[in-house]
Every structure is written in structure tokens, then in C-alpha cells.
Amino acid sequence: MPEKRDYYEVLGVSKGASDDEIKKAYRKKAKQYHPDLHPGDQKAEEAFKEVNEAYEVLSNADKKARYDQFGHAGVDPSYGAGAGAGAGAGAGGFGGFGGFDMGDIFDSFFGGGFGTRRQQNPNAPMRGASVHTNVNLSFFEAAKGCKKRITFTHYERCPDCSGTGAQPGTSATTCPDCHGTGQVVVQQRTPFGVMQSARTCQKCAGKGKIIEKPCRKCNGGGRVRVSKTIEVNVPAGIDDGQVFAVSGQGDAGLNGGPAGDLNITASVRPDPLFERDGYDVLVEVPITFSQAVLGAEVVVPTIDGKVKYTVPEGTQPGTTFRLKNRGIPYVNGRSRGDQYVKVTIEVPKNLNNSQKQALKDFDNLTNDEKNYEKRKGFFKRIKDAFDN
């Protein structure tokens, strides 16, 4: 079996990387090697599969913990099988000693039954792997939900052989060495006595069957890689970096097993007017000086359209008002966030002489402590600081 690269190295992150760092690294690598961007490039396709395999392990807490402790052998029991004496069974595996495999000894004592490993039927139905892709959304598409056409590649059951892997008109035969189990029992003499363990059958490579005439279209694999376009429903409230799944659109299963899922990562473009904070929406609304002083009814944009809001008399710069239930809908929920409106007061420019004089008169009429309490307190603190 070829040596696998370290999954952290594949994604370009350190072993202590957070879930967000792993997710961001995966999105970057998946875009870099996506087969749709490199049609016919076998190396890019292999790199894309390697990236997906790494993310599938490192994004799963249980698999990641096993991988961190045992390496590839912790998430792929077949990794390292058949290695010679002294070879490690993957990172963190058991080394050989004196011509026998310590891993086999431990399996003999602690495995499924004394002396042999628990065998699994290699021809049992197996669920297909999940497939990952991305979708670009505007702020409003993510907030309100929408329909999008998604193009991706996955493995489908071969149409020529109906997934059997054999040429039409022929069929696979049961392996004579393992009798369809995919494993053979071998014995080894050790310092503890004669031990026996199960190994992957070399004749059929663990498949339990032999295909004499492989299907020409799928080369005996039973599946073919195809590009597919479907329309998906993007749930309202999805945020940048979040993933939603479309059931049954992943890789086709093996031996009649169900298909995996299509996992879609949302990439949401920022909006020039609205800013999102979780399920809340933030927006700034400029008002005039007189509107702030006298109060006024102003128009406020929301994701549902324009609404009118009455700014109270004497509103100060930076004041934030809350519009309840005007925010982002919770994904697959009935509630929604709020909208927060921050008021900014725009100072007029290019005043003529009459306007300037009117402001001076206004200032003279309002220049008392009752109207400017903040200024009064500010100058008092200055006096206290420098007079002592």
C-alpha cells in the first residue's frame, strides 16, 4: 500500500489547528484542486480526493482523536497490512519483532475471538462517501434563502455493468483462496506459542470475489466519475462558512449500499449596506443635525424592505435603536434575530453666510449648561485635573 501523507500536511495546517482553521484550509485547498477547474488533470483530481479524505477525518472529532493517537492506522484498519517484519503499521502502529508482528499478537489476545480477528463481509452493502463543494451567495440570498444550481463531480454506479464491475453478460466469481470472506487465516510461531490471525486475501485484494473480465467503462470498479448539475434549496439564514447537506447526492455506495451526501459550504459576499452579527443585522442611518435635535420620522432599510422609524427629540450621535425580529431567520427555525440601527449625525458643509449666522444665533440661544451637560462635565474634569 502506498505511503499516505500526513493529513495536517495535506491541508497545510499545524496539528493544533482549530476547527475553523481546518475548515478554512480545506475550502482553500478544495478550490485550488477542484476537478471542474482542472478538467482531465489526473494529478489535480488525486489531490482533490486527498484533500477531501483529510478533511473528512480532521473535521470529525472522533476520527481526529484516533488519527492524532494512532495515525492512519487509527482511521483505516487496512493501512499497513501486509508489511514485512519490522515495518510499522502506520503512524503510531506496532512494530515487528523477531519475524512476527506485535499487532497480530495483540489482535489475537484482544480481537474478535481468540486467535483470529472478527471478519467482515467484503460484499456487504457500503455507504458511499460524502462529496464536498461550494456555493457563492449574496447577502440577501443567504439571509432569505434561495434556489441555486450546483455543479459538482461524484461517483455514480456504472451504467454499463450496473455496478457489478464485470463486463455485461459476465459475472464475478467467488475467490477460491478466501471463499468470499476477503481474508485468510495465517499462523505464526512466536515466543508465546503458535498464533493465528486474519490477513487481507492477496488473490482478491480483500474483495472476496474475482472479476475475470472487468467492465471496460469502469475498469471493474463498478462506479464512474461524472459531473452533475442539480438545483438545491439554500436554507434561509445560512452564514458564511456554514455547511448544509443534500442527502443522497454524494458518491454511489458499494455492493448496493446507499449513496453519501453532498455537503455544500456557503461563501457569502459582504453587503455594502448591511452587516451581519450572528442572526442580528447592523445598519448605519445618517440623519441631519436638526432631525437629531427636533426628532423626525426617517426611513430605515431592513432585509424585508423599508420601514419608518421615529427618531426621538434630542438623539445623540452613535445612539443605537433596536428593531425587534427584523434580523436573520434562524436556520430551519421559526425565530429570527433583531436589527440594530446606529444613528450618525451628518455635519453640513458649504454653508452660506445666512446659514452660518443662523447657526451662530442658535448657538447663542442654546449656550447654557442645561443643553450641554457633557461639555459642562468635560471642562470641569479639565479644571479639576490642572488646578490641583
Side-chain angles (χ1 to χ4, degrees), residues 1-15 17-68 70-79 90-91 126-136 148 150-158 218-219 221-230 232 238 240-254 257-267:
M1 180 177 289
E3 189 71 20
K4 286 188 177 182
R5 284 206 301 156
D6 178 73
Y7 286 150
Y8 291 99
E9 178 186 343
V10 171
L11 296 183
V13 296
S14 63
K15 191 171 183 179
S18 66
D19 292 343
D20 286 341
E21 290 173 332
I22 290 173
K23 183 185 295 182
K24 289 179 181 178
Y26 162 72
R27 291 175 58 192
K28 180 179 178 181
K29 292 287 185 181
K31 289 180 181 179
Q32 179 181 352
Y33 296 115
H34 200 286
D36 291 345
L37 301 178
H38 306 277
D41 189 336
Q42 188 66 29
K43 289 184 178 179
E45 183 174 331
E46 292 300 324
F48 183 74
K49 289 195 292 184
E50 185 182 41
V51 167
N52 279 324
E53 180 181 329
Y55 182 70
E56 187 172 355
V57 171
L58 298 185
S59 63
N60 182 294
D62 292 336
K63 291 182 180 180
K64 182 175 182 291
R66 294 201 303 271
Y67 178 74
D68 289 344
F70 301 111
H72 291 292
V75 293
D76 183 2
S78 66
Y79 186 78
M126 294 177 59
R127 186 176 188 271
S130 294
V131 175
H132 300 268
T133 190
N134 299 279
V135 60
N136 293 316
K148 279 284 187 177
I150 304 291
T151 299
F152 60 99
T153 55
H154 69 169
Y155 284 102
E156 289 187 354
R157 189 174 66 172
C158 177
C218 65
N219 295 320
R223 302 185 304 178
V224 290
R225 191 171 184 85
V226 298
S227 178
K228 185 176 183 179
T229 300
I230 62 173
V232 300
I238 197 78
D240 184 59
Q242 288 185 334
V243 178
F244 63 98
V246 181
S247 179
Q249 291 294 340
D251 287 342
L254 298 173
D261 296 336
L262 172 63
N263 294 324
I264 305 173
T265 301
S267 297

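Keep in mind that this is a model prediction, so the values were computed, not measured. Values below: all heavy atoms of this structure, side chains included; hydrogens, waters and symmetry mates excluded.
Here CG of Leu254 is found 12.5 Å from CZ of Arg127. Values are rounded to the nearest 0.5 Å. A distance of 6.0 Å separates CG of Asp6 from NE2 of His72, quoted to the nearest 0.5 Å.
Annotation for Arg223 and Cys218: closest pair O-CB, 3.4 Å, computed over non-hydrogen atoms. The shortest heavy-atom contact between Lys29 and Val10 is CE-O, 3.7 Å. Across all non-hydrogen atoms, the minimal contact from Ser130 to Asn263 is CB-ND2, 3.6 Å. Nearest heavy atoms, Gly241 versus Thr265: O-CG2, 3.9 Å. Heavy-atom minimum distance, Gly250 versus Ala259: O-CB, 4.2 Å. Contact between Tyr8 and Ser14 at its shortest, heavy atoms only, is CD2-O, 3.3 Å.
Every residue two or more places apart in sequence or in another chain that forms a side chain to side chain contact (heavy atoms under 4.5 Å, CB included) with Ser18 is listed here: Asp20, Glu21. Scanning for salt bridge (charged side-chain N to carboxylate O under 4.0 Å, His left out) contacts around Lys148 gives Glu141, with sequence neighbours left out. Remark: Ala25 pairs with Leu11, Val13 by the side chain to side chain contact (heavy atoms under 4.5 Å, CB included) rule, at least two apart or across chains. The salt bridge (charged side-chain N to carboxylate O under 4.0 Å, His left out) check on Arg5 picks up Glu9, Glu50, with sequence neighbours excluded. With sequence neighbours left out, Arg157 forms a side chain to side chain contact (heavy atoms under 4.5 Å, CB included) with no residue at all. Contacts of Arg27 classified as side chain to side chain donor-acceptor pair (under 3.5 Å), with partners at least two apart in sequence or in another chain: Ser267. Scanning for side chain to side chain donor-acceptor pair (under 3.5 Å) contacts around Glu45 gives an empty result, with sequence neighbours left out. When the side chain to side chain contact (heavy atoms under 4.5 Å, CB included) test is applied to Asn219, no partner is found at least two apart in sequence or on another chain. Legend: residues meeting side chain to side chain donor-acceptor pair (under 3.5 Å) with Lys28, ordered by chain and number and at least two apart, are absent. The salt bridge (charged side-chain N to carboxylate O under 4.0 Å, His left out) check on Lys49 picks up Glu46, with sequence neighbours excluded. Listed by chain and residue number, nothing satisfies the side chain to side chain donor-acceptor pair (under 3.5 Å) test with Lys24 (two or more places apart in sequence, or in another chain).
For the side-chain contact (heavy atoms from CB on, under 4.5 Å) with Phe152, the qualifying choice from Ile230, Ile264, Val226 is Ile230, the only one to do so.
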Kindly determine whether Gln249 and Asp261 satisfy side-chain contact (heavy atoms from CB on, under 4.5 Å), including the steps that lead there.
-> CA-CA 5 Å; Gln249 291 294 340; Asp261 296 336; over 6 Å; no
Derivation of the side chain to side chain donor-acceptor pair (under 3.5 Å) call for Thr229 and Thr151 = CA-CA 4 Å; Thr229 300; Thr151 299; 2.7 Å; yes
Please lay out, stage by stage, how Leu262 and His154 fare under the test side-chain contact (heavy atoms from CB on, under 4.5 Å).
-> CA-CA 9 Å; Leu262 172 63; His154 69 169; over 6 Å; no
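Contact check on Asp68 versus Lys64 returns a salt bridge, with a Lys/Arg side-chain nitrogen under 4.0 Å from an Asp/Glu carboxylate oxygen.
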Taking distance alone, no hydrogens or angles, what donor-acceptor pairs closer than 3.5 Å link side-chain atoms of residues 52-61 to residues at least two apart or in another chain?
residue, atom, partner, partner atom, Å
Asn52, OD1, Tyr26, OH, 2.9
Asn52, ND2, Phe48, O, 3.4
Glu53, OE2, Lys4, NZ, 2.9
Glu53, OE2, Tyr7, OH, 2.5
Ser59, OG, Tyr55, O, 2.5
Asn60, OD1, Asp62, N, 3.0
Asn60, OD1, Lys63, N, 3.0

